[in-house]
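Position 1 is the first residue of the sequence, and the numbers go up from there.
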Amino acid sequence: MIVETLPDHQIIHHFSDGLYAKEMRVEAGQAILKHTHNFNHLSILARGKVAVLIGDEIEIISAPACLEIKADVVHGVKAIEDCVWYCIHATDEKDAAKVDEVIIKGY
């Protein structure tokens with residue numbers, strides 16, 4: 001199943017001074033569609049196993065893992081096992097309803 005956005009119950013927003021972390025609980029078989037960001041950011045796989053598309057490369061990653069995703073690089077994630085995936089962004093935006101407008105290119 002490919003989902004453009006995960007249901008609200010699968011996303012937890014974390015805000016701190018100048019930082020935002022999107023915690024996503026992705027079920028096996030679900031995928032987060034390809035997208036790009038305006039700025040470099042870190043992604044952390046805290047639990048599970050995923051296939052990650054970064055540019056033209058697909059890599060299978062098992063938790064725990066941390067990767068840097070560069071700005072303007074197309075990427076996406078497909079859960080092979082139920083997983084917990086974090087995206088960590090530098091931003092002053094603290095409104096969960098607006099943060100994707102700031103961090104996702106062309107949102």
**Student:** Distance from Glu101 atom CD to Asp95 atom CG, nearest 0.5 Å?
**Tutor:** 8.5 Å
**Student:** Would you check if Asn38 and Val102 make a side-chain contact, meaning some heavy-atom pair closer than 4.5 Å?
**Tutor:** no
**Student:** Taking the side chain from Asp82 and the backbone from Glu27, do they hold a donor-acceptor pair closer than 3.5 Å?
**Tutor:**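 Not at all, since once roles are kept as given, no pair shorter than 3.5 Å links the two residues.
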**Student:** Please tell me whether Val74 and Ile58 are part of a single hydrophobic cluster in this structure, the criterion being side-chain heavy atoms less than 4.5 Å apart.
**Tutor:** no
**Student:** Output the distance between atom NE2 (His89) and atom CD1 (Ile103), rounded to the nearest 0.5 Å.
**Tutor:** 3.5 Å
**Student:** Any chance you could measure Leu67, atom CG, to Ile61, atom CD1, to the nearest 0.5 Å?
**Tutor:** 4.5 Å
**Student:** Locate the shortest heavy-atom distance separating Ser62 from Ala65; write the atom from each residue and the value.
**Tutor:** O-CB, 3.8 Å
**Student:** Kindly work out whether a path of hydrophobic side-chain contacts (I/L/V/M/F/W/Y, heavy atoms less than 4.5 Å apart) joins Leu53 to Ile80.
**Tutor:**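 No, because Leu53 and Ile80 fall into different hydrophobic clusters, even though each may have its own neighbours under 4.5 Å.
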**Student:** Could you pull out every donor-acceptor pair under 3.5 Å between side chains of residues 16-25 and any protein atom, sequence neighbours left out?
**Tutor:**
residue, atom, partner, partner atom, Å
Tyr20, OH, His13, ND1, 2.7
Lys22, NZ, Asp100, OD1, 2.8
Lys22, NZ, Asp100, OD2, 3.1
Glu23, OE1, His14, NE2, 2.7
Glu23, OE1, Tyr86, OH, 3.4
Glu23, OE2, Arg25, NE, 3.0
Glu23, OE2, Arg25, NH2, 2.6

**Student:** For atom NZ of Lys34, is the number of surrounding heavy atoms from other residues, nucleotides or ligands below 6.0 Å larger than 12?
**Tutor:** no
**Student:** With heavy-atom distances below 4.5 Å as the criterion, would you say the side chains of Gln30 and Gln10 are in contact?
**Tutor:** yes
**Student:** If you define the side chain from C-beta out and look only at heavy atoms, does anything of Val77 sit under 4.5 Å from His75?
**Tutor:**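 Result no, sub-4.5 Å side-chain heavy-atom pair not found.
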**Student:** Please test Glu68 against Asn40 for side-chain contact (heavy atoms from CB on, under 4.5 Å), starting from the C-alpha separation and ending with a verdict.
**Tutor:** CA-CA 7 Å; Glu68 180 183 21; Asn40 296 351; 3.5 Å; yes
**Student:** Show every donor-acceptor pair shorter than 3.5 Å between a side-chain atom in residues 42-52 and any protein atom, with sequence neighbours excluded, or say none if there are none.
**Tutor:**
residue, atom, partner, partner atom, Å
Ser43, OG, His41, NE2, 3.4

